[in-house]
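As the structure is a computational prediction, the values presented were derived from the model and not from experiment. In what follows, chains carry the letters A, B, and so on, assigned in the order in which the sequence lines appear, proteins first and then strands, with residues in each chain numbered from 1.
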Protein chains: 2
Amino acid sequence: MTVRTTEGDPATGNVDRAAAAGAALLAGGDLWSDLPPTARAIVVAAIDSFADRGFHATTLRHIAAGSGLSTAALYVHFRSKDEVLFEVSRRGHARALGLVRDAAAQGPPEHAFRTLVYAFSRWHAEQRTVARVVQYEFAALGPEHREQVTGLRRATERVVRGVVAEAIGGSAEDAATRGVCTAVLSLGVDVARWFGPAGPYTPDGVGRLYCELAERMLVPR
Amino acid sequence: MTVRTTEGDPATGNVDRAAAAGAALLAGGDLWSDLPPTARAIVVAAIDSFADRGFHATTLRHIAAGSGLSTAALYVHFRSKDEVLFEVSRRGHARALGLVRDAAAQGPPEHAFRTLVYAFSRWHAEQRTVARVVQYEFAALGPEHREQVTGLRRATERVVRGVVAEAIGGSAEDAATRGVCTAVLSLGVDVARWFGPAGPYTPDGVGRLYCELAERMLVPR
DNA sequence: GTCTATATGACGATAGAC
DNA sequence: GTCTATCGTCATATAGAC
């Protein structure tokens with residue numbers, strides 16, 4: 001954003017600190033490392049296709065080809081195509097919730113807010129394919145799966161609401177809190193739609209940009 | 001957002017003026033009014049299903065049922081399911097481009113910026129179903145259709161880029177301009193994902209909220 | 001312009017051999 | 001645990017009567 005050359009500039013320093021803290025939160029291992037190798041290959045192939053074509057346009061033949069198996073072999077590892085989606089969605093939502101929880105634990109409140117915005121946006125850029133499935137294939141989940149995932153979504157929103165309220169210095173029910181909360185969640189989520197490695201941004205760049213813009217949202221001009 | 005009781009408060013006044021100007025831009029007629037009645041019924045039914053289930057999960061039987069026709073009758077009015085999507089997507093994109101163009105013509109630059117943010121966000125709330133198809137079924141378009149629509153998307157982004165540059169007082173190539181441009185477009189687009197009539201916002205409320213938050217983004221703290 | 005009936009193919013999921 | 005072969009279903013799209 002605005003170029004700042006001054007050493008120790010407070011605003012840039014804030015973003016730097018949030019970026020450092022956020023990067024540490026994102027350093028966790030692979031989401032699928034505990035799956036058996038074949039199940040993992042299936043999940044990875046499924047994510048690629050879900051993110052690219054969407055759940056409904058993805059066929060078992062796509063997933064089978066991507067994981068080097070026959071369609072019949074998929075059923076040894078998952079009960080159905082829906083169950084593969086659920087596995088991806090559940091873990092992805094849990095990861096997003098974990099991120100915002102970890103960020104919320106970073107005091108002081110304004111630092112927690114910046115770290116949350118940085119980490120949440122950057123994750124949606126870095127893990128763009130998983131994030132796309134998480135955010136845009138939610139409606140494709142079956143009713144009972146959707147309900148489980150809804151719990152994780154609500155928990156995420158509650159955490160963000162609390163962090164924004166503390167950063168603003170208001171209550172979680174204020175319109176101002178709700179407004180900023182809606183905006184920062186929306187900005188982060190939508191990164192999964194528009195971000196691509198061919199674009200002008202790095203994941204870190206997206207995180208820093210939104211960290212700075214979100215901070216500006218906190219205070220009326 | 002922040003409650004302001006002062007009469008003639010400049011920031012609230014700015015939002016009010018943008019809301020009035022934006023509301024006027026949105027007052028145009030139905031997007032499909034020039035279609036023959038049957039084609040129109042098909043398009044409306046298709047939009048509902050595309051927005052609800054997505055293009056790939058929508059079958060011709062859904063569209064047929066929604067428009068009170070048999071699947072065979074659909075082919076009298078459209079060559080294929082893809083062509084229905086293209087008609088919706090093309091007109092929706094053209095409408096969004098028209099909106100931002102009209103907003104850009106409102107001087108002075110900061111008023112144009114506020115009006116653009118207001119109108120763009122509010123349209124995505126008010127016309128949520130069309131906007132969902134426009135924004136989230138882009139990838140479902142065939143290659144040649146996608147290319148035509150890409151032109152409209154690029155034109156929209158160019159207009160927004162120019163308005164943001166003028167409001168910031170920088171060039172269209174500045175990182176600051178690009179950053180704010182990305183954010184306001186993203187916020188507006190994502191409204192189509194999360195907005196619902198059951199939620200806490202009205203379309204006007206979304207427009208006003210984002211109008212104010214976007215204005216705060218313009219100036220470093 | 002709309003209908004019923006149908007062609008053609010791909011889908012998710014299963015059977016049974018190895 | 002993986003394969004080939006296939007089942008039953010439903011998709012898009014067409015044919016031909018009215």
> Considering only side-chain heavy atoms of A/Thr38, which listed nucleotide, C/dA13, C/dT4, D/dT2, is closest?
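Selected nucleotide (nearest to the side chain): D/dT2.
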> Give B/Leu69 one of three labels, base, sugar-phosphate or nothing, depending on what nucleic acid heavy atoms sit under 4.0 Å from its own.
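B/Leu69: backbone/sugar contact only, no base atoms under 4.0 Å.
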> A/Tyr75 OH to C/dT14 P: how many Å, rounded?
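Result: 6 Å.
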> Looking at B/Thr59, B/Ile63, B/Thr58, which one forms a side-chain contact (heavy atoms from CB on, under 4.5 Å) with B/Arg61?
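Only match with B/Arg61 under side-chain contact (heavy atoms from CB on, under 4.5 Å): B/Thr59.
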> Check for me whether B/Arg178 meets the cation-pi criterion with A/Tyr201, that is, NZ or CZ under 6.0 Å from the six-membered ring centre and within 45 degrees of the ring axis.
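Because its charged atom sits under 6.0 Å from the ring centre and within 45° of the axis, B/Arg178 does stack over A/Tyr201.
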> When you check the phosphate oxygens OP1 and OP2 of D/dA11, does a side-chain N or O of B/His62 lie under 4.0 Å from one of them?
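No, because none of the side-chain N or O atoms of B/His62 sits under 4.0 Å from OP1 or OP2 of D/dA11.
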> Please work out if A/Thr71 contacts a base, only the sugar-phosphate, or nothing of the nucleic acid, heavy-atom cut-off 4.0 Å.
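Base contact.
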> Examine D/dC3: is either OP1 or OP2 under 4.0 Å from a nitrogen or oxygen in the side chain of A/Ser70? Give yes or no.
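So the side-chain polar atoms of A/Ser70 do come within 4.0 Å of the phosphate oxygens OP1 or OP2 of D/dC3, strictly under.
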> Nearest of C/dT4, D/dG1, D/dT4 to any side-chain atom of B/Ala72?
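Among C/dT4, D/dG1, D/dT4, the one nearest the side chain of B/Ala72 is C/dT4.
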> Could A/Arg208 and A/Asp16 be called an ion pair, given the rule that one side-chain N must be under 4.0 Å from one carboxylate O?
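Salt bridge present between A/Arg208 and A/Asp16.
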> Round to a whole Å and report the spacing from CG of B/Leu74 to P of D/dA11.
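Spelled out: CG on B/Leu74 to P on D/dA11 is 13 Å.
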> Fit a plane to each ring of A/Trp194 and A/Tyr210, take the angle between them on a 0 to 90° scale, and name the class: parallel (under 30°), tilted (30 to 60°) or perpendicular (over 60°).
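Correct class here is perpendicular.
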> Mind calculating the distance between NZ (B/Lys81) and C1' (D/dC10) to the nearest angstrom?
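Rounding to the nearest Å, NZ of B/Lys81 and C1' of D/dC10 are 12 Å apart.
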> Please work out if B/Thr59 contacts a base, only the sugar-phosphate, or nothing of the nucleic acid, heavy-atom cut-off 4.0 Å.
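Answer is sugar-phosphate: B/Thr59 comes under 4.0 Å of backbone atoms only.
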> Calculate the interatomic distance between B/Glu83 atom CD and D/dA13 atom P; express it in whole Å.
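Interatomic distance, CD of B/Glu83 to P of D/dA13: 10 Å.
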> Rounding to a whole Å, what distance do you find between B/Phe78:CZ and D/dA13:C1'?
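Going from B/Phe78 (CZ) to D/dA13 (C1'), I get 16 Å.
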> Could you grab the distance from atom OG1 of B/Thr182 to atom CG of B/Leu187, nearest 0.5 Å is fine?
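Answer rounded to 0.5 Å: 11.0 Å.
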> Quick check on DNA chain C: between A/Arg79 and B/Ala73, whose nearest nucleotide comes earlier from the 5' end?
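In this pair, the answer is B/Ala73.
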> Tell me: CD1 of B/Ile63 to P of D/dA13, nearest whole Å?
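The distance from CD1 of B/Ile63 to P of D/dA13 comes to 10 Å, rounded to the nearest Å.
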> Between B/Phe55 (CZ) and D/dA11 (C1'), how many Å, whole number?
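One finds 12 Å between C1' of D/dA11 and CZ of B/Phe55, rounded.
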> Roughly, in whole Å, what's the span from CZ in B/Arg61 to P in C/dC3?
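Atom CZ in B/Arg61 sits about 14 Å away from atom P in C/dC3.
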